[in-house]
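Step one of this worksheet: look at the structure below.
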Amino acid sequence: STVHHASVCSMSRGPSVSVTSPVSRSMRLRAHGRSLPAGSPQLEHWKWLVQSVMQVRHDPVDAWRATCVALVNHPDFYSY
């Protein structure tokens with residue numbers, strides 16, 4: 001979607017919590033059918049994943065690809 005694409009492009013200089021949190025919330029809602037409030041502790045590991053991949057790979061596309069793979073492999077994906 002446009003929101004996800006714009007967020008990936010804006011991360012070219014590195015992840016930011018302001019970008020990662022709303023996109024992670026949106027992706028979690030779409031993949032797992034769960035709406036989480038901004039600042040939810042349940043989003044911390046998703047933000048950590050994006051930031052970790054960015055630190056190692058320096059590629060925002062790889063960071064979001066890893067997030068998508070993790071969302072699909074998460075048990076909540078199959079229960080939605």
Side-chain angles (χ1 to χ4, degrees):
S1 81
T2 305
V3 172
H4 298 295
H5 178 70
S7 297
V8 169
C9 292
S10 68
M11 286 185 59
S12 61
R13 286 182 227 105
S16 78
V17 172
S18 63
V19 170
T20 305
S21 185
V23 174
S24 294
R25 289 176 54 220
S26 173
M27 291 174 74
R28 179 122 160 99
L29 177 60
R30 285 182 176 219
H32 299 164
R34 297 190 182 185
S35 179
L36 297 172
S40 171
Q42 294 177 338
L43 293 171
E44 290 304 312
H45 66 279
W46 298 104
K47 291 190 280 188
W48 171 86
L49 177 62
V50 171
Q51 292 168 345
S52 296
V53 174
M54 279 298 296
Q55 186 174 13
V56 173
R57 303 281 300 180
H58 307 286
D59 184 352
V61 174
D62 283 348
W64 289 111
R65 186 175 293 131
T67 302
C68 290
V69 169
L71 284 165
V72 171
N73 284 306
H74 193 282
D76 287 349
F77 181 78
Y78 298 102
S79 63
Y80 173 55

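- Taking the six-membered ring where the residue is Trp, His45 and His74 present parallel rings, their angle staying beneath 30° rather than reaching 60°.
- A side-chain contact (heavy atoms from CB on, under 4.5 Å) with Leu71 holds for exactly one of Thr67, Asn73, Val69; it is Thr67.
- Of all heavy-atom pairs between Val53 and Ala66, the closest is CG2-CB, 3.8 Å.
- In this structure, Trp48 CH2 and Leu43 CG are separated by 15.0 Å, a value rounded to the nearest 0.5 Å.
- Heavy-atom minimum distance, Met54 versus Ala63: CG-CB, 3.8 Å.
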